[in-house]
Amino acid sequence: MNKKLLCLAMVCVMLFSCGAALAAGSRGTGNMITTTVLGENQTPLGLFGITADPNSADAQKELAKVTAFVGTGKAAIEYFDAAAQQGLASLLPAGFDPKTLKLNEMFGLLVQNYVEGMGDVDVLFDCATPYAAGQTIVAMLGISDGSNVIWTPMAATVENGQVKVHFTEAQIKAIVNGSGMIAVLN
């Protein structure tokens, strides 16, 4: 009798443990991204940062649009307007077909402790997708005004498996004044 009661108690403990673990939810790409701002990033307001925003409604809405677009058999680059496509293509090595690019990451951006006149910054994004040194990679900065997203191509490189992107001060201001997001294609 005691063995049956002990087994029943152990089964209950295991069930409650599994239930608690499953209730925590799964990790999506947005909350798996870490960022590092390179160089001097101390401001009078505190430590400057550009971080991933996994809760960005604009980025989630845009990702759903891109996913539906690519689901029709079109290339990811064709989602962007002609000027953005041309700018992105100019960042690729000679002979590289931009229609072969795949969209691997898209997430919102937050800027903390920005101070006017602080200049450009380089940011490392440690993403869910593993990237290799020398791999062809580009980024698209999206700024939403609530109804439209303006996409700007950005050069990106791989450093120790992380995506390195250079942000101009004008781009940082645009993120602060709007809703920023970034898409990484390779």
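Because only heavy atoms are used, hydrogens play no part in the values below, and waters and symmetry mates are left out as well, while side chains stay in. Everything quoted here is computed from the prediction, not taken from an experiment.
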Quiz item: If only atom types and distance count, is the side chain of Ser56 paired as donor or acceptor with the main-chain N or O of Asp53 below 3.5 Å?
Solution: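 Looks like no, no N/O pair under 3.5 Å.
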Rounded distance [0.5 Å steps], [atom1] in [X] versus [atom2] in [Y]:
X      : Y      : atom1 : atom2 : result
Leu185 : Ile137 : CG    : CD1   : 8.5 Å
Met154 : Phe167 : CE    : CZ    : 4.0 Å
Asp97  : Thr100 : CG    : OG1   : 5.0 Å
Ile150 : Asn148 : CD1   : CG    : 6.0 Å

Pair [X]-[Y], side-chain donor/acceptor within less than 3.5 Å:
X      : Y      : result
Glu62  : Ser144 : no
Ser147 : Asp145 : yes
Ser179 : Asp58  : yes

Quiz item: With Gln171, which of Ile143, Leu141, Val176, Val165 fulfils side-chain contact (heavy atoms from CB on, under 4.5 Å)?
Solution: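 For Gln171, the side-chain contact (heavy atoms from CB on, under 4.5 Å) check succeeds only for Leu141.
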Quiz item: Hey, is CD on Glu78 packed in by over 12 heavy atoms from elsewhere, all under 6.0 Å?
Solution: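 Enclosed.
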Quiz item: For Lys99, does the NZ atom have more than 12 heavy-atom neighbours from other residues, nucleotides or ligands under 6.0 Å away?
Solution: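 Check fails, neighbour count at 12 or below.
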Practice problem: Identify, with sequence neighbours excluded, every residue that meets ring pair (Phe, Tyr, Trp, His ring centres under 6.0 Å) alongside Phe69. | Solution: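 Checked Phe69 against ring pair (Phe, Tyr, Trp, His ring centres under 6.0 Å); matches are Tyr79.
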